[in-house]
Undergrad: 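One structure follows; several queries about it will come next.
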Amino acid sequence: MTTTHIRPLVAGNWKMNGLAAALGEATAVNEALSGSTIPADVMLCPPATLLSRMAEAMRGSAVRIGAQDCHPAASGAHTGDISAEMVKDAGASAVIVGHSERRADHAELDRIVRAKAVAAHRAGLTAIVCIGETRGERAAGLTIDVVNRQLKSSLPDGVTGANTVVAYEPVWAIGTGLTPSTDDVAEVHAAIRAHLTGRFPAEGDRVRILYGGSVKPSNAKELMSLPNVNGALVGGASLKADDFLAIIRAYA
Ligand code: PEP
């Protein structure tokens, strides 16, 4: 099913990049978009150190702020972690959970990702839940199985179009310059949509499904025009305002 009625989202994941001087890139995005009518929501997800400053700088603008992770608990003895409530308090409206780099670097299993999504919902944040197969899983023909297993185990009950976004990010496409074929992207997004509408009949066709993995100005339009692709999660190309704006303008 083509879900053209969904307002797309273009979200930039800065990962562990950005000192205070990089706030100028966010400001440049904001200034370029102000007064324009791009039919997409725009979000930047800076490192935790910049969350509140970026939120302050974007206050009143169309650029939303997201965090890159949160702890499942609201507070407590978890040195170095931040809770969903803290993310919200810092001025963010969303949080990425289950990014493949966190699954790999911090051994985050689906059940932990799910707990983090529950925490995001508890705090009133939109959970951007990342899923995607490794190179080996794709080569073995397991992509759809892997994606369905991750969806089943990582998505909590109570998913709505407002509180959850799913980001399909093939691990082998992240930061590599490689992307799946458009047929492959469309096939996986259709499977994700089928899972969502099967499990959440009232809301499943309202949940945004983003594609992520080496999205850049030159491929954004083609990727974004595919059925069930409701936006993009952009890593490297979100660090520079000009590149990120060119991707956003793929919707214009
Ligand atoms: C990401 O890590 O979320 C991502 C999509 O990275 P990149 O765009 O750099 O491949």
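Values in this document were obtained by computation on a predicted structure and should not be read as measured data. Computation of the quantities below employed the complete heavy-atom set of this structure, encompassing side-chain atoms and omitting hydrogens, waters and symmetry-equivalent molecules. Atoms within each ligand, like the ligands themselves, are counted from 1 in listed order.
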Undergrad: Could you tell me if Asn230 and Arg193 have a donor-acceptor pair between their side chains, going purely by distance under 3.5 Å?
TA: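 Checked: Arg193/Asn230 side chains pair up, N/O donor to acceptor below 3.5 Å.
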
Undergrad: What is the distance from atom OG1 of Thr182 to atom CD of Glu187, rounded to the nearest 0.5 Å?
TA: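 With rounding to 0.5 Å, OG1 (Thr182) is 12.0 Å from CD (Glu187).
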
Undergrad: With rounding to the nearest 0.5 angstrom, report the CG to NE2 distance, Asp69 to His99.
TA: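 If we round to the nearest 0.5 Å, Asp69:CG and His99:NE2 are 11.0 Å apart.
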
Undergrad: Measure the CG-CG distance between Leu44 and Asn30 for me, rounded to the nearest 0.5 Å.
TA: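 Reported value, rounded in 0.5 Å steps: 9.0 Å.
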
Undergrad: Is it true that the side chains of Glu137 and Thr134 contain a donor and an acceptor less than 3.5 Å apart?
TA: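 Present: a donor and an acceptor within the cut-off.
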
Undergrad: How many angstroms lie between CD1 in Ile112 and CZ in Arg102, if you round to the nearest 0.5 Å?
TA: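 Reported value, rounded in 0.5 Å steps: 10.0 Å.
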
Undergrad: Identify all N/O pairs between ligand 1 and the protein with a separation under 3.5 Å and present them as a table of atom names and distances.
TA:
| residue | atom | partner | partner atom | Å |
| --- | --- | --- | --- | --- |
| ligand 1 | 2 (O) | Lys15 | NZ | 2.6 |
| ligand 1 | 2 (O) | His99 | NE2 | 2.7 |
| ligand 1 | 3 (O) | His99 | NE2 | 3.0 |
| ligand 1 | 3 (O) | Glu169 | OE1 | 3.1 |
| ligand 1 | 3 (O) | Glu169 | OE2 | 2.7 |
| ligand 1 | 6 (O) | Lys15 | NZ | 3.4 |
| ligand 1 | 8 (O) | Gly235 | N | 2.8 |
| ligand 1 | 9 (O) | Gly236 | N | 2.9 |
| ligand 1 | 10 (O) | Gly175 | N | 2.7 |
| ligand 1 | 10 (O) | Ser214 | N | 2.8 |

